[in-house]
Each structure stands twice: as structure tokens, then as C-alpha cells.
There are 2 protein chains.
Amino acid sequence: MQCLDKRTEIMTVAMELLAENGFHGVPMSMIAAKANVAVGTIYLYFAGKDELITELFQEVEKEIVATLREGFPTEGPMRERFLYLTGKILRFLVDNPLKFRYIEQFMNSPYGISMRRDRLLGKTVPNGIFMALFEEAIADHVVKDIPIIALFSLTIAPLIFLVRDHILGFVTLDEALIRQTTEACWDAIKR
Amino acid sequence: MQCLDKRTEIMTVAMELLAENGFHGVPMSMIAAKANVAVGTIYLYFAGKDELITELFQEVEKEIVATLREGFPTEGPMRERFLYLTGKILRFLVDNPLKFRYIEQFMNSPYGISMRRDRLLGKTVPNGIFMALFEEAIADHVVKDIPIIALFSLTIAPLIFLVRDHILGFVTLDEALIRQTTEACWDAIKR
DNA sequence: GCGAAATGAATGAACGTTCATTCGTTTTCT
DNA sequence: AGAAAACGAATGAACGTTCATTCATTTCGC
């Protein structure tokens, strides 16, 4: 076992445990045990629990941005591009429930709160694509004339709630429902 | 100083601290200090931290249900009744940011998760009014033919996100924007 | 009416547990 | 052998909870 193997293993295991049990429900010793590693070893790769948690988030964030950019049509009808993006993110979250739950944990923890604050003016990386799309849509007058952040809430919030309900088993997000709900989101914001 | 005074004071102070700092960011000693009470005194009125947290939530829940029922028109056009309810809940949350943040904390904690699970079949009290409205709307074919839980997400989720952004100062939820966004929510679900 | 006894609300030091982090030792690799 | 990596027992801080003690107020006996 070499350097990168252990580091990756720790991150994989930590993602699973933290997503399922919450940040406070997972002692470092638990991560160490499941990764077949000594507690001290984790501190060879991460400065502390905080850094481990933060780094895990940044990794997922990068992955989502990459997924969204991949194959995204920069031209064409606004509605199609919108449905492409929302469908893509919905599918990613449904296919990666662990990562979804991790993001939720993070966003609702002090880490996420302060991150949101820090990004008050700077652009949030994963939403950058959405924001750009909305700005274009506003300029073209194809969406309602309300603050861009409201457009964002009307779009993203239902998707997140739906994924949560899907993971909890309250609803099944198949392709048909994904289509219907993303179209409904468009109906909400279209002029 | 009598019985109810102290109990009320503890609950008021706990609501503030817990809403602002999160459940794990507030030791019992902090609540005691701010309530000008000894730590042990809290245990005279509450079995433990868990019970205090749960009771606080139930109190807010009751208040919201009462607010929603108050003046709610049981007859009339579906759209008007929908806008009445969504506007009412939006105003309540904007006017009570502390309670909003507390609810968020609770819902994203193990308490809230297991509560959601427990209510899988039973009706959630605060949403019972919404659910009844949706069922009627479905029967009347005035909303889209998608699972009721999806209708719910399309409606409630954006409102919650908007309130959060309002409290953080990203947007100002005045009467005009409340009107625009609740109407947008209706556009999302209407047939 | 008045002193003595009982009450129980309030207190906060002490306890036991949990957990992140450290560091002296051991193992592995070159 | 020497350096790098890994180990895990030990440490100490934080926190929820307990309980022996205090004391203002009420009740009782005369």
C-alpha cells in the first residue's frame, strides 16, 4: 500500500460514513477502522477532521461541475438547454445518493453556512453554469422579470427536495418524472 | 420566580441559541447562563437536551399550523386559495427568522430525519392543509398529473430556499416578490 | 401569633463518557 | 542500516447528566 492508495481509501470510506451518519456521528476512529488504517495514519494525510470534511466537499463539487459542463449545448433554444442542465443534475444526484447526502450534510453545517457567506459576492462554482444560463435568459426576456436568485430557487430547490424524497423512498424519480418535474420548473420561471 | 416563568425563559433562550448556533454548538451550560439559571434547573423542567429540542420544535409546529388555518378560505378558486396559503407561510417565516432557522436545524438533524420517517404514512401536521388542497386540486384536474409529493416539492421547496436567502441578505422578500414567486409556484404546478 | 419543622425549587461541583489529536514505538521499504 | 510510513495507546478538553446541599417559603403545633 502506498501513499495515494491509503489517502483515497480514507476519503472513500469517510464519504460513506459521513454521508450516512452525519459529521457528528462519525468519530475518526470509525473512519480509521473501516479503512483498515490506524487513527494516526489519517493525520498523515489530513490536518484534521475539518480538513477532511472540507476536502471531500470540494471533490464532489468539482465532479458535479465537470458533469454539468460535459456535453452542455451552448447554443439552441433556452428551454432545451435548461431541461438539459436540470435533467443532468437530477440524474447525477439520483445516481449518487451518498454524494447527495454528503452535500446536504455539508450545506447544513457550519462549514456550508460560512462557505455560503464567503461566496456572497464571488460566484458559486457549481451554480456558475446555471447563473450564466439565467443571465442570458433574462437578457432574452424568455423568463420572468424577477431577481436571478429567485429564478435559481424556483429551479434548484424542487429538484433537491425531490431527490431527497426519492432517496427516502417517498417517490421514484424515473425518466418520466424527471422530465415532468424539470418541465414544471421551466413553467415556473418562463415568461 | 415561579414555575412557568423559568420554563418559558429557558425555552425562549434555547430557541435563540439553538437557532443561531446549531444543536451541537450550544452546551446546556450556555443555555443556563443566558437564562440566568443553573444547569441543573433545566433538568427540573426537561428530561434532557433531546426533550428540550423536540418540545421546542413541536411548539413552533403548532404555531405554524394555527397561522395557516387562520382565515384560510375553504371555498373559492383553487389558485386564490393556493396563493393565500403560500403567501401566509412565506410571511410567517420572514417575520420569524429565528423559528425558520430552528426548523431548518431540526429538519436536518437526526430528530427531523426520524420524524419524517415516522410520518411516512401518517400525515404531517403542518403540511396537512397543503396536502388536502393538493388532493382537491388533483381531483378537479386543475394541476398537473404528477405525484402529490412532487407537487409539494415544486411548491414548498422554492419558498424555503427564498426565505433562507432573504434571511442571509441575498434577496429582499417584500410583498411584490412574495406575490411574484408564489404565482410562479402556481405556474409550476397548474395544468 | 410565633417558633419549629417540612418542603422542594434551585444550585453547581463532580462524574463519566466521548472524541479529536498527539507522539513514542514498531513495521516496512530501499 | 536508515528513512519513511504506519500504528494505536495515551492525553486532555468538551459536554450531558447527576445529586448532595442550600435556603426561601409554607405548614404545623401550641
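The basis for the numbers below is simple: all heavy atoms, side chains too, and nothing from hydrogens, waters or symmetry mates. Within every chain, numbering begins at 1; the chains are lettered A, B, ... in the order of the sequence lines, protein sequences first and strands thereafter.
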Can you tell me the distance, in whole Å, between the [atom1] atom of [X] and the [atom2] atom of [N]?
| X | N | atom1 | atom2 | value |
| --- | --- | --- | --- | --- |
| I31(B) | dA10(C) | CD1 | P | 17 Å |
| E51(A) | dA20(C) | CD | P | 15 Å |
| D5(B) | dA9(C) | CG | C1' | 14 Å |
| E9(B) | dA9(C) | CD | P | 19 Å |

Going by an N to O cut-off under 4.0 Å, is there a salt bridge joining [X] and [Y]?
| X | Y | answer |
| --- | --- | --- |
| D187(B) | K144(A) | yes |
| R116(A) | D165(B) | yes |
| R179(B) | E175(B) | no |

Please give the angle, rounded to 10 degrees, between the axes at the start and the end of the helix from dG1(C)-dC30(D) to dT30(C)-dA1(D), where five pairs define each axis.
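Computed from the C1' atoms at both ends, the axes differ by 20°.
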Salt bridge (Lys or Arg N to Asp or Glu O under 4.0 Å) contacts in which one or both residues fall within residues 93-113 of chain B, not counting sequence neighbours:
E63(B)-K99(B), E104(B)-R164(B)
Counting the benzene-type ring for Trp, do F161(A) and F170(A) have ring centres under 6.0 Å apart?
no
With heavy-atom distances below 4.5 Å as the criterion, would you say the side chains of V37(B) and Y45(B) are in contact?
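No; the side chains remain at least 4.5 Å from each other.
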Candidate list F23(B), F57(B), Y111(B), test ring-ring contact (aromatic ring centres under 6.0 Å, His included), partner Y102(B), passing option:
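Going through F23(B), F57(B), Y111(B) one by one, the ring-ring contact (aromatic ring centres under 6.0 Å, His included) with Y102(B) is satisfied by F23(B) alone.
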Locate the shortest heavy-atom distance separating K49(B) from V26(B); write the atom from each residue and the value.
NZ-O, 2.8 Å
Quick one: what's the B/S/- string for nucleotides 11-19 of chain C, heavy-atom cutoff under 4.0 Å, read 5' to 3'?
BB------S
Under 4.0 Å between a side-chain N or O of Y45(A) and OP1 or OP2 of dA6(D)?
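Yes.
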